[in-house]
Amino acid sequence: MLRFSPPTTLPATPATYGALSFGVVVLLVGWVRRRRSVSLPPTPAPAPVSALVLAPSAAPVPVPAPRKKQAPLGYHSPLCSSADIVSLEQFNYRETAPAKFRPFKPDHQHAMGRSPLLPSSSKVRFVPAPTVDPSLTRLLPSGVESCPASELILIDHLYPSRISLRKRLLQTQPTATLVHSSPASIPAITELYTFLLRTYLPIRFPSHFILSPSGTLFTNLITHDTHPIAPPPHTNPSDPAPALRILATSIEEDVMVLLPDQSGVYRLAAFACCFPSGYAPERKAGMSLDELHAPVPGYADKLSVSMNRFFSRLRPGLENAVRRYNWAITTHDRLFALHGNQHYDDEDEEDYEEEEEEDERVDPENCRLRVERQVLWKLPGTQAAVFMIKTYLYTLAEVKAEGLAEELARSIEGMGEDMGRYKRRGVWGEKVVEFLRS
């Protein structure tokens, strides 16, 4: 039989009371924690390291994330940021001479050429072409090259006189200079208008184009014209003419907007064209690429397929812009020429014979080498194709002074019969070649 001894009574000492007190405290703390876990919301997770600023001997302070820079209205695309446009902080149009482009070659090559640029103070004729995306290079038709975003628009000391002439032509030749054949062109015109006035011109030429403090007005410091950043309101919402008119009087480049139809064929939907070279622009409205270039000898056989393929594959964004150069000889110095610079097959044979008789009255001193700098790119928002043309006129004496007279003469002689007829060589060819070789 088991027996249990009576419990032993421990003496009460200070250590005993201390142990009891500690146990009571632990129980109370546990009870309080359980109460707080029920009554209080959960503790939020700590902020990420990237959103904290650590100060010495201080708790981390949360900092709001930086706001993203808002893209310009009408140009909602990361494909061309303002960083792609190099700002010319000290640019002065008064001190800038017109660029000298000499794209002619002895074999003529359908009047097209890459960018042979003749500096005014140098005999060096060709400048290196910009770096081209290899995937795009395989698609570029002959005579076409990549165009840097910063070189979309060129300005020189002729800018004020050219803009004044464009303003007069818009008043005296409104139907020939402005056309918008499709309501679908309005979003594209709005996108182009906003991009050029709000982003491109103030960034590229900050000494000549500025925005108001509110960012809602654009001011041209050369002409002293002020325009709203958004296309101006007008009584007819389906009429983009006011926006086209502002574009035409803010830059020297003629602007043509092409949109794809239901079958994907690009057609001329709107334009502001003040300097046509021997054609009536209003007759071109609604035409496709093939129809626009139908009068050009050899285009249908040699260029049509490659140009249409290139148009369809050209990626949106200004950084994908391309350029080419077109040249011709004119018997006058007029920038606005609805006829006379080219001959079309639908013209009467008698008219062409009369033109050849004009050769006796051609004065080479009045003739000009006319060069068009043509830039093509697509708007990222509307996918519209934009064709921009800046026209240059050079005297034949300039070409002779540069030592390029013989090369131009050989290029004129190498046009071929069809191209020579199209360029009206029978009117001016003999006199011009004789002058170049004199």
Side-chain angles (χ1 to χ4, degrees), residues 77 79-80 84 103 105 107-116 129-149 151-152 181-182 184-185 187-188 191-192 253-271 273 277 279 281 284-327 342 344-345 372-390 416 418-419 422:
S77 173
L79 296 178
C80 177
D84 298 325
K105 298 179 181 179
D107 60 356
H108 193 76
Q109 200 175 25
H110 296 283
M112 299 183 193
R114 291 183 181 268
S115 62
T131 303
V132 182
D133 184 345
S135 63
L136 182 61
T137 304
R138 295 192 297 270
L139 302 176
L140 291 179
S142 176
V144 179
E145 65 183 11
S146 177
C147 178
E151 298 179 14
L152 174 66
S181 62
S182 170
S185 66
E191 182 179 10
L192 177 64
E253 284 79 358
D254 287 331
V255 176
M256 299 186 177
V257 178
L258 296 93
L259 293 171
D261 59 18
Q262 295 180 351
S263 61
V265 176
Y266 275 83
R267 296 184 177 276
L268 183 59
F271 64 77
C273 182
S277 181
Y279 63 91
K284 305 291 186 180
M287 286 188 177
S288 65
L289 285 176
D290 289 345
E291 293 168 341
L292 289 170
H293 294 91
V296 180
Y299 178 87
D301 298 333
K302 300 180 180 179
L303 296 175
S304 174
V305 174
S306 61
M307 284 300 295
N308 281 284
R309 183 190 303 117
F310 177 73
F311 247 75
S312 62
R313 296 184 181 180
L314 181 63
R315 290 174 295 186
L318 185 54
E319 78 282 7
N320 295 315
V322 296
R323 63 189 173 193
R324 59 166 286 229
Y325 297 81
N326 183 41
W327 70 272
Q342 299 169 348
Y344 296 97
D345 290 337
E372 292 181 349
R373 179 182 183 266
Q374 304 172 350
V375 179
L376 171 67
W377 59 296
K378 280 185 181 179
L379 297 170
T382 57
Q383 306 291 302
V386 179
F387 199 53
M388 304 178 71
I389 305 172
K390 180 167 181 177
D418 292 338
M419 185 61 70
Y422 173 67

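Since the structure is predicted, the reported quantities are computational estimates derived from the model, not experimental observations.
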Minimum heavy-atom distance Asp418-Pro297, with the two atoms named: O-CG, 3.6 Å
Short side-chain to backbone donor-acceptor contact, Glu151 and Pro148, under 3.5 Å: no
Which distance, rounded to the nearest 0.5 Å, do you find between the OG of Ser304 and the CZ of Arg309? 10.0 Å
Heavy atoms of Ala321 and Trp377 approach each other most closely as CB-CB, 3.6 Å
Counting C-beta onward and ignoring hydrogens, is there a side-chain heavy-atom pair between Pro260 and Gln383 closer than 4.5 Å? no
Please find the pair of heavy atoms, one from Ser277 and one from Glu372, that lie closest to each other, and give the distance. CB-OE2, 3.6 Å
Do Pro281 and Tyr279 make a side-chain contact, defined as non-hydrogen atoms from C-beta onward lying under 4.5 Å apart? yes
Check whether any side-chain heavy atom of Leu258 sits under 4.5 Å from a side-chain heavy atom of Leu292, and report yes or no. yes
Say whether, by atom type as modelled, one donor and one acceptor occur between the side chain of Glu191 and the main chain of Leu379 under 3.5 angstrom. no
Any sub-3.5 Å donor-acceptor pair from Lys390's side-chain atoms to Val375's backbone N or O? no
In Arg323, Arg324, Glu253, the residue satisfying side-chain hydrogen bond (donor to acceptor under 3.5 Å, both in side chains) with Gln374 is Arg324
Going through the checks in order, is the side chain to side chain contact (heavy atoms under 4.5 Å, CB included) test met by Glu145 and Tyr325? CA-CA 10 Å; Glu145 65 183 11; Tyr325 297 81; 4.0 Å; yes
Side-chain contact test, heavy atoms from C-beta onward, threshold under 4.5 Å: evaluate it for Leu152 versus Met388 and give yes or no. yes
Work out which heavy atom in Ala188 is nearest to a heavy atom in Val257; give both atom names and the distance. CB-CG1, 4.0 Å
Leu376 side chain reached by Phe311 side chain, heavy atoms, under 4.5 Å: yes
CG/Leu259 to OG1/Thr382 distance, rounded to the nearest 0.5 angstrom? 6.5 Å
Where do Val255 and Leu192 land on the side chain to side chain contact (heavy atoms under 4.5 Å, CB included) test, with the steps shown first? CA-CA 10 Å; Val255 176; Leu192 177 64; 3.5 Å; yes
Go through it in stages, so that I can follow the logic: the residues are Phe271 and Asp254, the test is side chain to side chain contact (heavy atoms under 4.5 Å, CB included), and I'd like the CA-CA distance, side-chain angles, deciding distance and then a yes or no. CA-CA 8 Å; Phe271 64 77; Asp254 287 331; over 6 Å; no
At their closest point, which heavy atom of Cys273 faces which heavy atom of Met256, and how far apart are they? SG-CE, 4.0 Å
Gap separating the CG atom of Leu268 from the NZ atom of Lys284, nearest 0.5 angstrom: 9.5 Å
Heavy-atom closest contact (Arg267 atom, Ser288 atom, distance): NH1-N, 3.5 Å
